[in-house]
Enquirer: 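The structure's right below; bear with me while I get my questions together.
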Number of protein chains: 4
Amino acid sequence: MNIGFIGVGSMGAVMVRRLLAAGHTVRVWNRNAERARPLAEQGAIIVGSVREAFNGDAVFSVLADDVAARAVLLDSGVLDSVPDDVVHVNMATISVELAAELARCHADRGVAYVAAPVLGRPDVAEAGKLNIVAAGPGAAIDRVQPLLDVLGQKTWRIGEAPEHANVYKLAANFMLACAIETFGEAAALVSGHGSDAALFHELITSSILPGPVYQGYGKMITEGRYEPALFKARLGLKDVRLALAAGEAVNTPLPMGSVVRDSLIEAVAHGDGDKDLAALGKVAQRRAGRKV
Amino acid sequence: MNIGFIGVGSMGAVMVRRLLAAGHTVRVWNRNAERARPLAEQGAIIVGSVREAFNGDAVFSVLADDVAARAVLLDSGVLDSVPDDVVHVNMATISVELAAELARCHADRGVAYVAAPVLGRPDVAEAGKLNIVAAGPGAAIDRVQPLLDVLGQKTWRIGEAPEHANVYKLAANFMLACAIETFGEAAALVSGHGSDAALFHELITSSILPGPVYQGYGKMITEGRYEPALFKARLGLKDVRLALAAGEAVNTPLPMGSVVRDSLIEAVAHGDGDKDLAALGKVAQRRAGRKV
Amino acid sequence: MNIGFIGVGSMGAVMVRRLLAAGHTVRVWNRNAERARPLAEQGAIIVGSVREAFNGDAVFSVLADDVAARAVLLDSGVLDSVPDDVVHVNMATISVELAAELARCHADRGVAYVAAPVLGRPDVAEAGKLNIVAAGPGAAIDRVQPLLDVLGQKTWRIGEAPEHANVYKLAANFMLACAIETFGEAAALVSGHGSDAALFHELITSSILPGPVYQGYGKMITEGRYEPALFKARLGLKDVRLALAAGEAVNTPLPMGSVVRDSLIEAVAHGDGDKDLAALGKVAQRRAGRKV
Amino acid sequence: MNIGFIGVGSMGAVMVRRLLAAGHTVRVWNRNAERARPLAEQGAIIVGSVREAFNGDAVFSVLADDVAARAVLLDSGVLDSVPDDVVHVNMATISVELAAELARCHADRGVAYVAAPVLGRPDVAEAGKLNIVAAGPGAAIDRVQPLLDVLGQKTWRIGEAPEHANVYKLAANFMLACAIETFGEAAALVSGHGSDAALFHELITSSILPGPVYQGYGKMITEGRYEPALFKARLGLKDVRLALAAGEAVNTPLPMGSVVRDSLIEAVAHGDGDKDLAALGKVAQRRAGRKV
């Protein structure tokens, strides 16, 4: 198919490569054109404007945050001149509020819009193991399903309201951050008693709490290793903040999220914003007065 | 082997049956003798005093809490007349403080003492799938290892200090309670937006947070089903309280635990103390002003 | 003096009346012109545009929130044509972020800008007892000082950076909300034991914690009376949210604020957003399972 | 009157001096007799046993904590041989649970028992400015009222159930600790923005939050001065822990208390347990990544 792709940060770049490898034509736009260059070598067509990306069969956008998404997708006016039949698939992790606004703006202009954030980091994307959470008109999702099948191992269709996919994504990242904070505290408790946090980690992930989150981030915590950052603390803070706002929008307090937000601010305050989210483990140790 | 068994609540009773089925002789003492009766029909020998239980090759104790453990094991004076060569295996979830005191008292009297709390509920025990966390003198554990092999699928030997096993157990239950609270909040967030918490549950447990805790308790939450209680909220509160105390003992704050403690008190305040720990999901819904 | 006044909600209206009573000429603009009508009867001149208000010796603005302030002061373009020598005194409780942006925009256009939020509700303003927190260029504050003296009992000059006045204001309201939440919890504790929360209130406000906040809001809590709302829970939530954001902007977690935010969301969820901030006392009682 | 006095730490010693100065006979017992010596020089009679203190018209006890109170008042057996007509006035800050047990034990033995904890530190006692919270049989309080009038400026009679006085005391200290934590966070917010926390302190204590707590502890925080400790962080932690337990006993969560407990544990973890409770201000600064 003929695909536009907007935003080729670490996640977007992996996706473009997978689409190219599957034989699709991919026109790429990135704010910083330099970052798109290596993809040209792999067959992508670099275009000079968002408008040029916004046509063909489908256009994907993977922008960093609300500010970038608003600037590129709304303030640019690009939606005013989208050809018929393009499906816009927005995979970014953005606020539920902006997600709903984008859904409305697309509907107003008759542009098919699918929100499709993913669970998994770039390394998971590389391996084709992403879970994609897709919401939007069924017919639109049908048309891009072959492309989603290239990008992820499974597409979860969760309904017609695009912003619900963003709620799912934020709820998932909220849970992820809470799980890491919880393990960080447990590890501080165990090591504070002079016992072995690594063995505790093995026990817990072999029994009641298996899976990649406790295993991966937990191991970083027990090893006191917070780089390279697979998921930066600063971005985790952003997601938790968005989850709390999504909660407030429907009068739902998330007290665990409040604690994690405070811990992440503390991590950033101590210079660990660009370290991995696992740096929550350092916060727990520091609170307990231990060297970190 | 010739085994004494003290305390046959729901967990202890399962264990006695497994030991009997494996061909061992089991002398059972229970404060409420009535509860031990059914085990007699399966071959257990009911004895009339703790002292009669406290001999043979090994004695297991599975008492409900600190108060019961202190009364039966310390205040009774039973430790003053234990025959040589008995290994006492204490499987109860008790405070780290009492665990350390018990370790000292046994050592003072030359009684071999192993702390061996388990991860898993009676249904897991029934299936022989418990993880046993054992700490104490290696030789003592060696002697009871064949019995532990009957009771669980794996024994984790975590060192010589018995109380460390209790730290592990409390840290594990702290993590479990935090995981349930977190899921309860996430489900309230998702359903608050009019989306499907059950589908979210399926997504999350199929991807980043698999395993029995999120699956089992999470399902109860999405179904709004809190009975029968496999793990009572009241007991979860007790364990979180003990974990917080274990943290304070080594100057380690556990802010996630503080939140869960408050939520569990709220659950008890609303009459759900004897419902399942999954009732944390009700607390999250109630806070959001929804009918529960 | 010749004064423009933008925004005559309950606080603004009181201020206009005091300025008129002191013999000043006051030109009033309000989005909803109807609300300004009664002031005309007292001598105010109603004007039809923000621009007409933005001249003379000084212009005061008392807008409800960031959205209103941004629309009226920035998006309207009014700052592009302000006559020389007008001092703009912004008394609204707005975010520190917007406060800093407003300061920059005024500076860029050479308009004298003073941030001057107040401590005290309309009833305090009526009595001339407000504390005014003023920040901005000293010469600009000097020029409006006679007017500030009409509006409050004391002007606290806290420096040249206007946004610092907003930090003070948010920090003060953060403390106020925390004080009320704290008293609500204490009252729930005391009454939970069957003792008299009103007597406890008298004790505490006669001894270690005197002053209008504990006295006023505390009394509403012990009487279970949450109307009329002198300070709405919804607006308290807004201020706490802005305080948390101001904290995050300088990497400062405010965990007490996180708790209060969650409690206020819970109050709103239960239909008490338009009741007084004292409704935090209901939240504390509800958590404890008591009828509210 | 002829008075026994048990426990002459810093608070007890001040009280004994005031009673002596008022012309009463005071027989003093202290676990560490050495500490009582200086009082002998001022006219007190040092006695060698609790029993010798427990007679005359009234006996006061001011013991450090539950452990000391239990040992001296219950485990010693002293209550078994108290002469008729002695009124025991217990002024210690103890748990509500122990307070209720003491009330029962005194009632069982027909000993008149009054719980009378005080609001105020030794310096306040020295100035005769204590507020005394008294609960117990009215006739018993009547008999000791002249003595209470010597010790404090006002006696608050709050009912017949002695433990209610302890609830009041814990609720008051809970509020005190929350107020200090709150100010510490606010000061970190203000100074984080480069503004002046001392001026903010002056503003707040001159307006909405006056009184000795915000003034005294707040000043220590803005000055970064945590010694000498007028109220040790370690003792504040004890009181907050007792307040949380008193809440749990009646199913009342105190989430602000949970936050303060965690902050106080963090203070102790960083070696500030024997510094003043104002060290909560250091915790807030440390979280924000600032040198403390």
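In the text below, chain A, chain B and the rest are named by the order of the sequence lines, each starting its count at 1.
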Enquirer: Which residues in residues 230-245 of chain A have any heavy atom lying under 4.5 Å from a heavy atom of chain B?
Expert: A/Ala243
Enquirer: Taking every non-hydrogen pair under 4.5 Å, which of B/Gly194, B/Gly257, B/Gly289 racks up the most with chain A?
Expert: B/Gly194
Enquirer: With a 4.5 angstrom heavy-atom cut-off, could you sort out which part of A/Val124 is near chain B: side chain, backbone, both or neither?
Expert: neither
Enquirer: What part of A/Asp196 gets closer than 4.5 Å to chain B, counting heavy atoms only: side chain, backbone, both or neither?
Expert: both
Enquirer: Taking the side chain as C-beta and beyond, is there a heavy-atom pair between A/Pro255 and B/Val259 under 4.5 Å?
Expert: yes
Enquirer: Quick one: does B/Ser206's side chain get under 4.5 Å of A/Trp156's, heavy atoms only?
Expert: yes
Enquirer: Please tell me if the side chains of A/Pro212 and B/Ser207 come closer than 4.5 Å, counting only heavy atoms from C-beta onward.
Expert: no
Enquirer: Check whether any side-chain heavy atom of A/Thr252 lies under 4.5 Å from a side-chain heavy atom of B/Arg290, and answer yes or no.
Expert: yes
Enquirer: Considering only heavy atoms from C-beta outward, does the side chain of A/Leu189 approach that of B/Tyr168 to under 4.5 Å?
Expert: no
Enquirer: Considering only heavy atoms, which portion of A/Gln285 lies under 4.5 Å from any heavy atom of chain B: side chain, backbone, both, or neither?
Expert: neither
Enquirer: Would the number of heavy atoms belonging to other residues, nucleotides or ligands and lying under 6.0 Å from CD of B/Glu97 be above 12?
Expert: no
Enquirer: Checking heavy atoms, do the side chain of A/Tyr214, its backbone, both or neither come under 4.5 Å from chain B?
Expert: side chain
Enquirer: If you count heavy-atom pairs under 4.5 Å with chain A, which of B/Val260, B/Leu199, B/Asn251 comes out on top?
Expert: B/Leu199
Enquirer: Most heavy-atom pairs under 4.5 angstrom with chain A, which of B/Ala246, B/Gly216, B/Gly159?
Expert: B/Ala246
Enquirer: Do other residues, nucleotides or ligands put more than 12 heavy atoms under 6.0 Å from A/Gln215 CD?
Expert: yes
Enquirer: Checking B/Glu202 against chain A: side chain, backbone, both or neither under 4.5 Å from a heavy atom?
Expert: both
Enquirer: Quick one: pull up CG in A/Leu176 and CD1 in B/Ile208 and give me the separation to the nearest 0.5 Å.
Expert: 5.0 Å
Enquirer: For A/Leu254, is it the side chain, the backbone, both or neither that has a heavy atom under 4.5 Å from a heavy atom of chain B?
Expert: both
Enquirer: Working to the nearest 0.5 Å, report the span between CG of A/Leu203 and CG of B/Leu119.
Expert: 5.0 Å
Enquirer: Do B/Phe200 and A/Ile158 make a side-chain contact, defined as non-hydrogen atoms from C-beta onward lying under 4.5 Å apart?
Expert: no
Enquirer: If you count heavy-atom pairs under 4.5 Å between each of B/Gly211, B/Ala186, B/Ala161 and chain A, which one has the most?
Expert: B/Ala186
Enquirer: Tell me, side chain or backbone of A/Arg286 under 4.5 Å from chain B's heavy atoms, or both, or neither?
Expert: neither
Enquirer: Quick one: does A/His193's side chain have a donor or acceptor within less than 3.5 Å of a partner on B/Gly247's backbone?
Expert: no
Enquirer: Under a 4.5 Å cutoff for heavy-atom pairs, which residue among A/Leu209, A/Val96, A/Ile204 has the most contacts with chain B?
Expert: A/Leu209
Enquirer: Quick check on the interface: out of A/Pro210, A/Ser263, A/Ala284, A/Gly120, who has the most heavy-atom pairs with chain B under 4.5 Å?
Expert: A/Pro210
Enquirer: Just by modelled atom types, is the B/Met256 backbone N or O under 3.5 Å from a matching donor or acceptor in the A/Glu185 side chain?
Expert: yes
